[in-house]
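A short write-up of the structure that comes next.
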Amino acid sequence: MAKEISLATVKKHNKADDLWIVIENKVYDVTKFRLEHPGGEDSLVDVAGRDGTKEFIDVGHSLEAREIMKKFYIGDLAAADIKKNSPISRCAHVGLALGAVFLGFALIYVIKRGGGPKQ
């Protein structure tokens, strides 16, 4: 089981030489990554010691970026500090729902046009 880290603890790590951030309720120590960050050190320092999920999503990080993040993962945000029904979580749920609806309509369209597998 992952270590739970409170938001109060994350807030203590808010400087360039001691830099923790929260992304999607996971806590990362990116102190050693700040100088390598393609977006520059300042973009990490701006969200140091807090939840940077919105900024992370707004930039549109790649799958490669998400893979790199795994090296810096140190634990999960404590359950008591996770915001219920935050705008980010609602946005993600709406996006998934819209994607599913779109996929359903596309599948119906293909089937009705006879675009299924040929036998």
Margin query: Nearest 0.5 angstrom please: R66 CZ to E24 CD, how far?
Written below: 4.5 Å
Note to self: So does F56 get a backbone contact from the side chain of H61, meaning a donor-acceptor N/O pair under 3.5 Å?
What the structure shows: yes
Item checked: Distance-minimising heavy-atom pair for F72 and F33 -> CZ-CB, 3.4 Å
Checklist line | Side-chain heavy-atom pair K11, T9 within 4.5 angstrom cut-off | finding: no
Note to self: With clusters defined by side-chain heavy atoms of hydrophobic residues (ILVMFWY) lying less than 4.5 Å apart, directly or transitively, does V10 cluster with I82?
What the structure shows: yes
Item checked: Residue pair L19 / T31: nearest heavy atoms and the distance that separates them -> N-OG1, 2.8 Å
Checklist line | Test item: I5 and L77 side chains (from C-beta on) under 4.5 Å apart, heavy atoms | finding: no
Next item on the list: Quick one: list whatever passes side-chain contact (heavy atoms from CB on, under 4.5 Å) with E55, sequence neighbours left out.
Entry: V47, R50
Next item on the list: State, to 0.1 Å, how close S6 and A78 come at their nearest heavy-atom pair, and which atoms those are.
Entry: CA-CB, 3.9 Å
Item checked: Straight-line distance of I21 CD1 to T53 OG1, nearest 0.5 Å -> 8.5 Å
Checklist line | From CD1 (I68) to CD (E36), nearest 0.5 Å | finding: 8.5 Å
Notebook entry, point to check: D18 and K12: which non-hydrogen atoms are nearest, and at how many Å?
Noted result: OD2-O, 4.1 Å
Note to self: Is the shortest side-chain heavy-atom distance between N25 and D76 below 4.5 Å?
What the structure shows: no
Next item on the list: Looking only at non-hydrogen atoms, find the nearest pair between K3 and I74 and report the distance.
Entry: CB-O, 4.1 Å
Checklist line | More than 12 heavy atoms of other groups within 6.0 Å of L35 CG | finding: yes
Notebook entry, point to check: Of the non-hydrogen atoms in A16 and E41, which two are nearest, and what is the gap between them?
Noted result: CB-OE2, 3.4 Å
Check: Are side-chain heavy atoms of Y73 and V27 found at a separation under 4.5 Å?
Finding: no
Checklist line | Under the side-chain contact (heavy atoms from CB on, under 4.5 Å) test, residues paired with S43 that sit two or more places apart | finding: H37
